[in-house]
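The structure is given below, and queries will be raised subsequently.
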Protein chains: 2
Amino acid sequence: MTDGEKPAEPKGEKSLRDEFVDRRPTINDVARLTGVSKKTVSRVINKSPAVKENTREEILRVMHEIGYAPDPQARGLAFRRSFLIGMIYDNPNPQYVVNMQQGLLDGMRGTGFELVVHPCDRASETFLVDVRNFVERQKLYGVILTPSVSEDERVPPILRQIGCEFIRIASVSLDEPEHMIVSHDHLGGAAAGRHLAGLGHTRIGFISGRDSFRSSHERRRGLEEALVERGLTLDEDLVASGAYTFESGFECALDLLQRPKSPTAIFAANDEMAAGVLQAARTLDIRVPDALSVVGYDNFQLAERLWPRLTTVHTPTREIGRRASTKLINPVPAVEVEREDPRALPSLVIRDTTAPPI
Amino acid sequence: MTDGEKPAEPKGEKSLRDEFVDRRPTINDVARLTGVSKKTVSRVINKSPAVKENTREEILRVMHEIGYAPDPQARGLAFRRSFLIGMIYDNPNPQYVVNMQQGLLDGMRGTGFELVVHPCDRASETFLVDVRNFVERQKLYGVILTPSVSEDERVPPILRQIGCEFIRIASVSLDEPEHMIVSHDHLGGAAAGRHLAGLGHTRIGFISGRDSFRSSHERRRGLEEALVERGLTLDEDLVASGAYTFESGFECALDLLQRPKSPTAIFAANDEMAAGVLQAARTLDIRVPDALSVVGYDNFQLAERLWPRLTTVHTPTREIGRRASTKLINPVPAVEVEREDPRALPSLVIRDTTAPPI
DNA sequence: CTGAAAGCGCTTACAG
DNA sequence: CTGAAAGCGCTTACAG
């Protein structure tokens, strides 16, 4: 079982691979072929330092040669924990979901973990039972929660009780840092506000998302901060309650634009609603951006498909996802302070729906 | 262990549940509490008919009472096959991906299977190895392939060799019926063609998707069939090669609309490209639908957000997904002929981008 | 119709 | 630094 064997028994190596054409090699095969116990092979798999360097190398060589990969199912059974990561979500926007999935997968690539998707409905009576069953039955290694389920305070206690790792993605911190990835939406709201105020707008309208969504509050908070910087305040008469949908954006804009003192600019709390604002403006024959400036939030593909192309706030959803799964798999020691990387922060993208007021 | 026990030992039942607060019940618990061997419990789990009705009922009662659910991991290890279904895809459209996932999950609800998502890149050198490793390592129960990976003839032989079930979703049949869900895109293309020809258009342009996508060919084929019905033919001078992207739709339309004999209507092979056509028309100051009719394909949300709202062909992606996972889990006996349900067929949705030619 | 034994491919104490 | 035994929670032959 030394290096000398390679040139000595070329035929032996051939048949070695042949043995595994219709059967995958197991830990026992590796142990047998390398002359150690399976426990030692297990140590190598689990990167235990308590293995002599020579032995480890030889074992790795054999593993590579016969194309061995440990069976996640068997490992999971013994570990009492699978190598599956669940994404639990209720965000209805397809672009958000897909970007987030891609990001989570980015952070999981090469780790041996797989992503199991699990949409849910917070309003359902069986919601909590469903989540619990999902996590418990699959013995999930961990779970990623995205807005707005991530904001539901009933879920974390259950996960803690079951002993399931979790990361909550939200616009603002809601939990201990080791359980959070924060998107800082108020910064995006402030960027939108500064842009509009900077163009000279003073009557700036706001269309919110549903009240139960933290992101909507954060985006509004940012807007208000920016206005205050300019000595302005958000006029309650220029605020409308939307629901993050295209239709609600349309209705709210129709409403706002027909009020006695209508806004010269509207900040819609997401792109879907901003698209509705554009439709409403057309319906009322109000030209954008000449007579009305519009800013959205998300910077999904839709923003570039609209006409005029939408000025909006970019959220690095995929990057946030990547961080979330990375953090779930490799918990950051509490000592290490996470620095805010600008790549994970929202940023304004100026296109064609904003201009100075007439 | 009869019905009499319930009122007789309420305390016994209480402590029974208490036993499983920090530990999930296993097959052994069910066997012990019900006084049979675990093999018999296993028979009930696997719906074997060889269990006396009384015994089965009693076992089911106990299972329900203590909240027993078999461990998919342990079951998978013994079965040499997991309860995971993989979705392998490379369609870049988020809406398609999400709708398909929802459909697949619809068909899996209540079955105990979970969905593992696996985007891929057919152009990658390691593509086939990646797919094989994914399926083999996770011992996937089965795999769903969506366009355009579903059209790759290198994949099915690998899956067959590994012994992994699979369903290919495509616009046209490419395999034995038990492995296919067909979306019949030529029917959608024909509907688009009939609509435009019916409005009186004779110079109808077509923007294709990438040549390697079957759906683009099928949609074109349908268009041509419809034109022939009206005694028309598709003029090669009015055809442009797109790539299913917004940008390619824009470029192709710019090209087509500036040719000497430009079309009065354009059928773009998907909504993304149709959105590009609308932008191009605006750029050239061509009014839609007055001077140019436009039809897309997909009926994704985008179609309603555009202005004018896009006439397009609806594809029941979610329904197709539901059928695919249902078929994967419950293979249809070869004898049963599948009838084409209209709910799974494409259908025209007329909105505001089509009108008679001037 | 039912069960005792062995096994799926790993890991966890426990030794040495 | 290394290993023999027992176990994770199920199922598959094989009996009866």
Side-chain angles (χ1 to χ4, degrees), chain A residues 1 20 22-60 62-63 66-84 112 136-141 163, chain B residues 1 20 22-60 62-63 66-84 112 136-141 163:
Chain A
M1 294 293 154
F20 305 112
D22 40 37
R23 178 175 84 80
R24 295 203 70 203
T26 72
I27 194 172
N28 286 311
D29 296 314
V30 178
R32 177 171 47 84
L33 291 169
T34 191
V36 300
S37 76
K38 62 202 246 191
K39 176 59 208 166
T40 300
V41 179
S42 172
R43 286 198 180 89
V44 171
I45 294 171
N46 293 294
K47 298 189 174 37
S48 156
V51 178
K52 199 164 58 178
E53 197 47 34
N54 278 350
T55 323
R56 170 191 315 283
E57 277 170 13
E58 175 62 7
I59 291 174
L60 287 172
V62 170
M63 283 180 172
I66 64 178
Y68 170 78
D71 180 335
Q73 215 152 219
R75 232 148 87 87
L77 184 61
F79 268 139
R80 288 159 193 71
R81 195 185 213 192
S82 76
F83 291 89
L84 301 175
E136 223 171 356
R137 289 218 178 114
Q138 301 299 324
K139 300 216 214 74
L140 294 182
Y141 178 88
Chain B
M1 294 292 157
F20 303 112
D22 40 38
R23 178 175 84 82
R24 296 203 69 203
T26 72
I27 195 174
N28 287 311
D29 297 313
V30 178
R32 177 171 46 85
L33 291 169
T34 192
V36 301
S37 76
K38 60 201 245 191
K39 175 58 210 168
T40 300
V41 179
S42 173
R43 287 200 179 86
V44 172
I45 293 172
N46 292 294
K47 301 190 173 36
S48 157
V51 179
K52 200 163 55 178
E53 198 47 35
N54 277 350
T55 324
R56 171 192 313 283
E57 277 170 14
E58 175 61 9
I59 291 173
L60 286 171
V62 170
M63 283 181 173
I66 64 178
Y68 169 79
D71 179 337
Q73 215 150 217
R75 232 147 87 85
L77 184 60
F79 268 139
R80 287 161 193 70
R81 194 185 212 192
S82 76
F83 291 89
L84 300 175
E136 221 171 356
R137 291 221 176 112
Q138 301 299 325
K139 297 214 215 77
L140 294 183
Y141 178 87

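Convention: sequence-line order gives letters A, B, ...; per-chain numbering from 1.
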Handout entry: Atom-to-atom span, CG of B:D29 to C1' of D:dC10 - whole angstrom
Key =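 In whole Å, D:dC10 C1' lies 13 Å from B:D29 CG.
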Problem - Donor-acceptor under 3.5 Å (B:S48 side chain, B:A50 main chain) - result: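 Yes, the answer is positive, given that a donor and an acceptor are paired below the 3.5 Å cut-off.
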Practice task
Select from B:K139 and B:R56 the residue whose nearest nucleotide in DNA chain C is closer to the 5' end of that strand.
Solution key: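 By nearest-heavy-atom nucleotide position, the 5'-most residue is B:R56.
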Completion exercise
The salt bridge (charged side-chain N to carboxylate O under 4.0 Å, His left out) partners of B:R81 (sequence neighbours excluded) come to B:E165
Exercise for the section: Ignoring backbone atoms, test whether A:T55 places a side-chain nitrogen or oxygen under 4.0 Å from the OP1 or OP2 oxygen of D:dC1. Expected result: no
Exercise for the section: Quickly work out the A:R32 CZ to C:dG9 P distance and round it to whole Å. Expected result: 13 Å
Handout entry: Salt bridge B:R24-B:D29, side-chain N to carboxylate O under 4.0 Å
Key = no
Exercise for the section: Could you tell me whether A:N28 contacts a base, only the sugar-phosphate backbone, or nothing, with contacts defined as non-hydrogen atoms closer than 4.0 Å? Expected result: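 Counting heavy atoms under 4.0 Å across all strands, no contact is made by A:N28.
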Exercise for the section: Could you grab the distance from atom OH of B:Y68 to atom CG of B:L60, nearest 0.5 Å is fine? Expected result: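 Here the rounded value is 11.5 Å.
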Exercise for the section: Write down the distance between CD (B:E136) and C1' (C:dC8), rounded to a whole number of angstrom. Expected result: 16 Å
Handout entry: Spatial distance of atom CG (A:N28) from atom NZ (A:K38) [nearest 0.5 Å]
Key = 4.5 Å
Practice task
Figure out the CD1/C1' separation between B:I59 and C:dT2, and round it to whole Å.
Solution key: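 These atoms are roughly 10 Å apart.
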Fill in the blank from the handout: Here the gap from A:R56 atom CZ to A:K47 atom NZ, rounded to the nearest 0.5 Å, amounts to 9.0 Å
Problem - Residues which pass side chain to side chain donor-acceptor pair (under 3.5 Å) with B:R75, listed by chain and number, not counting sequence neighbours - result: B:N46
Problem - Partner residues of A:K139 under the side chain to side chain donor-acceptor pair (under 3.5 Å) criterion, sequence neighbours left out - result: B:D71
Handout entry: Between D:dG9 (P) and A:Q138 (CD): distance, integer Å
Key =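 Between P of D:dG9 and CD of A:Q138: 15 Å.
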Practice task
Only stems of 3 or more consecutive Watson-Crick or G-U pairs count here, both distances under 3.5 Å; name the ones for DNA chain C, or none.
Solution key: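 Stem list for DNA chain C: C:1-3 with D:14-16, C:5-12 with D:5-12, C:14-16 with D:1-3.
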Problem - CG on B:L77 to CG on A:L77, rounded to 0.5 Å - result: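 Interatomic distance, A:L77 CG to B:L77 CG, rounded to 0.5 Å: 6.0 Å.
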Which pairs, protein N/O on one side and nucleotides 3-6 of chain D N/O on the other, fall under 3.5 Å?
from  : atom 1 : to    : atom 2 : distance (Å)
D:dG3 : OP2    : A:S37 : N      : 3.0
D:dG3 : OP2    : A:S37 : OG     : 3.0
D:dG3 : OP2    : A:T40 : OG1    : 2.6
D:dG3 : N7     : A:R43 : NH1    : 3.4
D:dG3 : O6     : A:R43 : NH2    : 2.7

Handout entry: Interface with DNA chain C, restricted to residues 67-78 of chain B and to heavy atoms under 4.0 Å
Key =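 Residues of residues 67-78 of chain B under 4.0 Å from DNA chain C: B:L77, B:A78.
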Handout entry: A:F83 CZ - C:dG9 P separation (whole Å)
Key = 16 Å
Exercise for the section: State whether the side chain of A:S82 and the backbone N or O of A:G76 hold a donor-acceptor pair below 3.5 Å, judged by distance alone. Expected result: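 No: the side chain of A:S82 does not pair with the backbone of A:G76.
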Exercise for the section: To the nearest Å, give me how far apart CG (B:N46) and C1' (D:dA13) are. Expected result: 15 Å
Handout entry: Any donor-acceptor pair under 3.5 Å from A:R32 side chain to A:I27 backbone
Key = no
Exercise for the section: Would you mind reading off the distance between A:I27 atom CD1 and C:dC8 atom P, rounded to a whole angstrom? Expected result: 13 Å
